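Comments concern the structure below.
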Amino acid sequence: MSDALSDVVSSRGDIRVPARAGVTKLFELHYRRLVGLAVMLVDDRETAEDVVQEAFEGLYRRWRRLRNPHDAAAYLNRSVVNGSRSRLRHRATERAHLLPAVGQSPSAEATGVAHDAEHALADAVLALPRRQREVVVLRYYLDLSEEQIAEWLGVSPGSVKQHAHRATATLQERMESWS
Amino acid sequence: MVMNEFESTLASALQAEADRTTLHLDTADAANLLEAGLDRIDRDRRHRTWAAVLAAAAAVLVAGAVYINTDSPTSVQPAGTPSTTSTSPSAGTPNYQMPVSYAKGVLLQAGVTLDLTLDGAWRIDNYPWLHDAGKYGGLAVYRPSALAAGTGCLTDRPNTNVGRTPQLLAQQLARLPRSTLLQPPTPTQKLGRQAIHLQLRINPNCGTGVYRVAQTLLGGHGISYGRASAHVVIDFWVENVRGVPLVIETWHQDGASSHMVNEIARAVNTLTFTNGG
């Protein structure tokens with residue numbers, strides 16, 4: 001358990017601290033990170049902030065059913081992922097996939113805006129097809145295993161592996177085309 | 001997970017992207033929104049409890065009393081609990097403190113000196129209020145996280161897009177639901193600071209419900225008292241206190257005694273602000 005999380009745990013090691021104090025502490029610890037996660041899934045920050053607020057309110061409602069603070073952090077992660085995916089499903093039109101054709105270099109202007117390879121790579125992730133993007137974000141931002149991702153997204157581990165393979169192949173091609 | 005060089009670059013790129021997109025995130029504003037959301041959940045829970053109790057008892061309670069009971073700040077305060085510390089006022093020693101803002105780990109509290117020896121003495125729930133000769137009045141100090149919208153009644157969703165400057169906040173207050181503007185927003189001085197003053201008359205009658213002026217750190221702030229709520233005159237002063245845009249409010253029902261109005265005016269001028277732990 002991290003030192004920060006230990007603040008919301010009683011001396012007995014359980015989570016019987018007042019719900020509001022616990023949620024407020026977790027908000028301080030995780031809000032920014034979770035908004036970052038949600039932005040990568042839904043594209044715009046306003047929607048991302050709404051999703052994260054709803055996640056914390058959901059945590060407050062079910063606080064007494066949690067057994068330890070790790071459950072709380074996991075609940076928040078999963079709630080944000082589910083909320084983000086739900087928002088995307090309800091959008092009338094999903095965003096267009098803007099990934100440039102493989103082999104086409106970013107324009108000089110785009111290169112100037114994208115200060116470095118990391119920035120360009122992150123843009124390329126955001127331009128992936130939705131399911132591939134979700135797999136990449138869950139794998140490399142949340143550090144989930146393929147099995148966990150499969151459970152969260154409700155697909156088979158084989159499907160996760162396939163999406164991850166296609167995504168990383170596309171991204172590696174993109175990186176090579178810039179070098 | 002063991003990562004190869006490309007995967008490490010990818011993980012690093014995503015972390016950098018998250019950091020970049022949240023660089024200018026207003027966490028204080030988000031924290032206020034969260035507080036308002038948690039208050040709403042608490043209130044919904046209490047309303048469900050009260051609905052069951054009231055149905056069982058078949059009690060008839062006036063709307064103001066219900067509101068006072070259901071919105072008492074039982075679990076709202078981030079730190080410290082407002083309490084009366086004496087029963088008679090003396091200059092410079094507030095006998096009631098109320099949390100008004102909590103942002104970036106700093107709790108801002110307002111202290112006020114109430115004369116608790118008077119007839120129709122002050123009573124304290126979310127905020128101090130008086131009852132005298134069948135009329136109600138009171139004062140409040142807060143940074144609103146939401147303002148009345150729709151009909152203004154508790155059942156309507158409030159406006160959470162609250163102005164972040166005294167000017168914007170005053171403009172929003174001037175347009176509260178079911179209000180008549182008696183004095184438009186005007187620059188003035190209040191408590192030794194620049195402020196914007198405005199005055200409204202509001203019809204707060206929400207049937208058996210409550211007119212909520214604002215959602216605040218202490219929960220909902222309402223002005224519905226009595227079986228048939230009389231129209232209420234509210235004075236607002238909006239000013240920056242220690243960098244926080246605050247609303248200082250006095251209110252009284254139409255027909256309130258001059259004794260009550262004068263005591264509210266006296267009390268509000270004793271306000272002092274401190275940073276609490």
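We name chains A, B, ... by the order of the sequence lines, and we start the count at 1 in each one. Note that the structure is a prediction, hence the values are computed from the model and not measured. Excluded from the calculations below are hydrogen atoms, water molecules and symmetry mates; all remaining heavy atoms, backbone and side chain alike, are included.
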Would you confirm whether B:Gln172, through its side chain, and B:Gly163, through its main-chain N or O, come within 3.5 Å as a donor-acceptor pair?
yes
Looking at B:Ala146, is its backbone amide N or carbonyl O close enough to the side chain of B:Thr160 to form a donor-acceptor pair, meaning the two atoms are under 3.5 Å apart?
no
Toward chain B, the part of A:Glu49 with a non-hydrogen atom under 4.5 Å:
side chain
Turns out that what part of A:Val52 lies under 4.5 Å from chain B's heavy atoms comes down to neither
B:Arg175 and B:Asn159 side chains, donor-acceptor separation under 3.5 Å
no
Which atoms of A:Val39 approach chain B - backbone, side chain, both or neither, heavy atom under 4.5 Å:
side chain
Would you confirm whether A:Thr24, through its side chain, and A:Arg20, through its main-chain N or O, come within 3.5 Å as a donor-acceptor pair?
yes
Is a side-chain donor-acceptor pair under 3.5 Å present for A:Arg166 with A:His163?
no
Does a donor on one side chain and an acceptor on the other come within less than 3.5 Å for B:Gln109 and B:Tyr102?
no
Counting heavy-atom pairs under 4.5 angstrom with chain A, the leader among B:Thr9, B:Leu14, B:Leu33 is B:Leu14
Can you say whether A:Arg61 sits under 4.5 Å from chain B via the side chain, the backbone, both, or neither, judging by heavy atoms?
both
Per-residue contact mode, A:Phe27 against chain B (heavy atom under 4.5 angstrom)
side chain
Taking atom types as modelled and ignoring hydrogens, do the side chains of B:Glu249 and B:Tyr142 form a donor-acceptor contact shorter than 3.5 angstrom?
yes
Winner by heavy-atom pair count (cut-off under 4.5 Å) against chain A, out of B:Ala30, B:Ala11, B:Ala31
B:Ala30
Which of the residues A:Arg32, A:Met40, A:Glu54 is involved in the greatest number of heavy-atom pairs with chain B at under 4.5 angstrom?
A:Arg32
Give, as side chain, backbone, both or neither, the part of A:Glu28 having an atom under 4.5 angstrom from any heavy atom of chain B.
side chain
